[in-house]
Structures are given as structure tokens and as C-alpha cells.
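Structure record follows, encoded as C-alpha cells.
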Amino acid sequence: MVADDLKNVLWGLTGYQVWHSDAGVLYAVRSTPLSDAELNAGLSQTLVADDPHAMVVRLRTEFERTTRFSVGRGE
């Protein structure tokens with residue numbers, strides 16, 4: 001139950017659905033598809049990490065990229 005609640009909180013705060021595979025790999029997928037421009041700017045639809053710390057690092061990096069992309073477009 002706690003894991004499901006945490007997943008819902010992450011979805012609401014980050015816009016990513018997060019889960020782990022049977023092999024223990026973590027995945028985070030954006031709730032909305034990226035545009036071609038966003039993909040060309042290096043943003044990722046899906047993030048992959050081997051542990052929670054690495055996922056936090058990946059999410060932070062992606063948020064920074066998303067912010068730079070949005071600011072660069074005047075959004």
C-alpha cells in the first residue's frame with residue numbers, strides 16, 4: 001500500500017509514473033508525450049536507474065533540462 005501511495009505522490013509532484021522491474025531496475029515515464037522539439041533538445045520520455053538515488057539524480061537532471069528548454073522557448 002505504501003509503495004502505491006508513494007507512486008501516486010511521485011506522479012502528482014513530478015508528472016512521472018515510477019515503477020521497478022522484477023530485476024530491480026527503476027523506470028520513470030512522463031505522463032504526457034514529448035514533442036519532437038523537446039526530444040531533439042535532449043529531453044527523455046523515459047528515465048531508467050538502478051537504484052532510488054540514481055533515479056533522483058536522473059529526475060533532477062531532467063527537470064533542469066526541461067527548465068532550460070522552456071526558458072529558451074520563452075515559456
Side-chain angles (χ1 to χ4, degrees):
M1 180 64 79
V2 172
D4 289 336
D5 290 342
L6 181 57
K7 289 177 185 179
N8 289 333
V9 168
L10 283 170
W11 179 275
L13 291 175
T14 66
Y16 284 86
Q17 183 176 15
V18 179
W19 76 93
H20 69 276
S21 70
D22 291 339
V25 177
L26 292 167
Y27 294 90
V29 178
R30 287 181 185 260
S31 59
T32 57
L34 294 172
S35 68
D36 287 342
E38 290 168 322
L39 291 169
N40 290 336
L43 300 180
S44 299
Q45 187 70 39
T46 303
L47 304 175
V48 180
D50 291 327
D51 59 67
H53 175 75
M55 181 57 75
V56 169
V57 170
R58 295 290 314 270
L59 284 166
R60 285 182 179 156
T61 300
E62 193 68 8
F63 289 141
E64 291 170 4
R65 287 181 182 150
T66 301
T67 300
R68 284 195 305 271
F69 175 80
S70 296
V71 168
R73 293 178 48 105
E75 296 178 4

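Residue numbers count from 1 along this sequence.
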Problem set entry | Distance, nearest 0.5 Å, that separates CG of Leu34 from CG of Leu43 | 6.0 Å
For this session: Using the test side chain to side chain donor-acceptor pair (under 3.5 Å), find all partners of Thr66 that sit at least two apart in sequence or belong to another chain.
Result: Arg30
Exercise. What residues form a side chain to side chain donor-acceptor pair (under 3.5 Å) with Thr67, not counting sequence neighbours?
Worked result: none
Residues forming a side-chain contact (heavy atoms from CB on, under 4.5 Å) with [X], sequence neighbours excluded:
| X | answer |
| --- | --- |
| Leu26 | His20, Pro52, Met55 |
| Ala41 | Phe69 |
| Asp50 | Val25 |

Exercise. Which pairs count as ring pair (Phe, Tyr, Trp, His ring centres under 6.0 Å) when at least one residue sits in residues 23-43, sequence neighbours excluded?
Worked result: Trp19-Tyr27
Exercise. With hydrophobic residues grouped by side-chain heavy-atom distances under 4.5 Å, do Val48 and Val29 end up in a single group?
Worked result: yes
Exercise. Going hydrophobic residue to hydrophobic residue with side-chain gaps under 4.5 angstrom, can you get from Leu59 over to Val57?
Worked result: no
Exercise. Which atoms form the tightest heavy-atom contact between Leu47 and Arg58, and what is the distance?
Worked result: CD2-NH2, 3.5 Å
Exercise. Which side chain to side chain donor-acceptor pair (under 3.5 Å) pairs, counting each pair once, include a residue from residues 35-49, with sequence neighbours left out?
Worked result: Ser35-Glu38
Problem set entry | salt bridge (Lys or Arg N to Asp or Glu O under 4.0 Å) partners for Arg68, two or more places apart | none
